[in-house]
Structure formats: structure tokens, C-alpha cells
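Along the sequence shown, residues carry numbers from 1. Numbering of ligands and ligand atoms starts at 1, following listing order.
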Amino acid sequence: EVSPSDTIQVNQTIVVEEGDTFDGEGRRYVANPDTVGDGSQDEGQDPVFRLEDGATLRNVVLGYPAADGVHTYGDALVENVVWENIGEDALTIKDNGHVTVRGGMAQNGDDKMFQVNAPSTFEILNFTAKNAGKMIRQNGGTTFQTSIFIEGSVITDMDEAIFRTDSNSSGVTMTNTRYSNVGTKWYNVQNVTENGN
Ligand code: DGU
Ligand code: CA
Ligand code: CA
Ligand code: CA
């Protein structure tokens, strides 16, 4: 049985090893601000979770402070994960891979929600994204290719954009998604496909 008091303070990044699954069973995880990160806009905070290639993270609530959120190294599945208060950012693609975020919600980010720092396919399915600077940002000045797929999601209150990139080769396909108040929506994105939004 999981009760609302099940909040776990993380003193050191939790590493989900290659091919492994971490199931939080609905528990809330918060960063120790002194050792992991205080969830401010300071760069260089540690993530709460680090997902190695082929790892799955599911049924986790990331509470305040969420430090640098979740880092992925390769293929990853992030399922039914809720960010109650985004830290420096919510999730970063740190190494090449196919990353899927399915179900769950993220809200209240001062700047970025999802940060893409490596060539990737990034699928966001049945997700709720609320109140941030931008939902997805490919690392500024980078020209690698990332292919974004957003489907069956709800996106509200982005100051700047849903997706911002500086890469001419990156693109987004958004399908059956509801959105409002998302700024420029596609900020410098050269390849956009939309269906049923
Ligand atoms: O160029 O790489 O904000 O991963 C500066 C840095 C910066 C990253 C990014 C992130 O863009 O630290 O959080
Ligand atoms: Ca950052
Ligand atoms: Ca925050
Ligand atoms: Ca970051």
C-alpha cells in the first residue's frame, strides 16, 4: 500500500541500470537540495534518476525539489511519471536513443521541460504538459537531428514554444493533441507535421 506520506528523499542520483525497470509504485521522490540539487535554474545539478540504455522508469512522482529531473543515456521508457514542480528542467536526453514518455504530467517549470542534448527520436504520448517556458528545447546552437512525436497529449501555458530548435534537420509531428497559450508553438522548427490537433 502506498500512502501520501511515502515521500523519499534522494541523497544521491538513483541509477537505473541497462535494461532494468524502476517502479516507484506511486511514491514521491524529492532531491536532497544539498547533495543532488535545489531545483533552481542553476546548471550543474544532478538528476534524481539516471536511466542507462534500455531502462524503464515508471509510476514515480517527482516532488519539490526535483533538481535536474531525469537524465537518459540511450533508449528509455518513462511511463506514468509526474513532475509536480519541474526543477532546472524535467528530463534531458543526454545520449543518442529513442526515448518515450508515456502518460504522466509535468508542470511549473521556470524555463525548459524537456531538454534534448543528443540525436534522438523523442515520443511523447498521452502526456499533460503545463506551465513552463518551453516544452521541448534542443540544446542551443546544436545542429544534430532530433525527431519529435507528440500524440494524444494536452499542452497549456508555454511562454515561448512547444518546441524550439536551432537545427534545420530536426522536426516535429504532433497528432491528436490539444493545446492553448503556447507562444510561438514551433520556434525555428523547419519540419512540422500536424494531424487532428
Ligand atoms: O550550452 O550546455 O541547459 O542540459 C550550455 C549548456 C546548457 C545545458 C542545458 C541543460 O545548454 O546545460 O540543462
Ligand atoms: Ca538548463
Ligand atoms: Ca520549479
Ligand atoms: Ca538541465
Closest non-hydrogen atom pair, Gly141 against Asp166:
N-OD2, 2.6 Å

side-chain hydrogen bond (donor to acceptor under 3.5 Å, both in side chains) partner of Thr146, chosen from Ser120, Ser170, Ser167:
Ser120

Nearest to the Ca ion (ligand 4) - the N/O/S atom of Glu88, by atom name:
OE1

Restricting to N, O or S atoms, which atom of Asp68 is closest to the Ca ion (ligand 4)?
OD1

Identity and distance of the protein heavy atom lying nearest atom 4 (O) of ligand 1
Asn117 ND2, 3.0 Å

Enumerated ligand 1 atoms positioned under 4.0 Å from heavy atoms of Glu88
13 (O)

Going by the order shown, which atoms of ligand 1 are within less than 4.0 Å of some heavy atom of Lys112?
3 (O)

Regarding Glu194 and Lys185, does a basic nitrogen lie under 4.0 Å from an acidic carboxylate oxygen?
yes

Out of His71, Glu43, Arg137, indicate the one that has the non-hydrogen atom closest to atom 8 (C) of ligand 1.
Glu43

Measuring from atom 7 (C) of ligand 1, which candidate in Thr142, Asn139, Val116 has the nearest non-hydrogen atom?
Asn139

Is the backbone of Asn139 close enough, under 3.5 Å, to the side chain of Thr142 for a donor and an acceptor to pair up by distance?
yes

Regarding Glu43, does it place an N, O or S atom less than 3.0 Å from the Ca ion (ligand 4)?
no

Would you check whether Lys94 reaches within less than 4.0 Å of ligand 1, judged by its heavy atoms?
no

Are Asn85 and Asn108 linked by a side-chain donor-acceptor pair shorter than 3.5 Å?
no

With no hydrogens and no angle check, just 3.5 Å: does a side-chain donor-acceptor pair link Ser169 and Gln145?
no

With a cut-off of 3.0 Å, does Asp89 place any N/O/S atom under that distance from the Ca ion (ligand 2)?
no

Could you check whether atom CD of Gln12 has more than 12 heavy atoms from other residues, nucleotides or ligands sitting under 6.0 Å from it?
no

Anything under 30° is parallel, anything over 60° is perpendicular, the rest tilted; go ahead and classify Phe127 against Phe114.
tilted

Of the side chain and backbone of Asp89, name the one, both, or neither that has a heavy atom under 4.0 Å from an atom of ligand 1.
side chain

Establish whether atom 10 (C) of ligand 1 and some protein heavy atom are separated by less than 4.0 angstrom.
yes

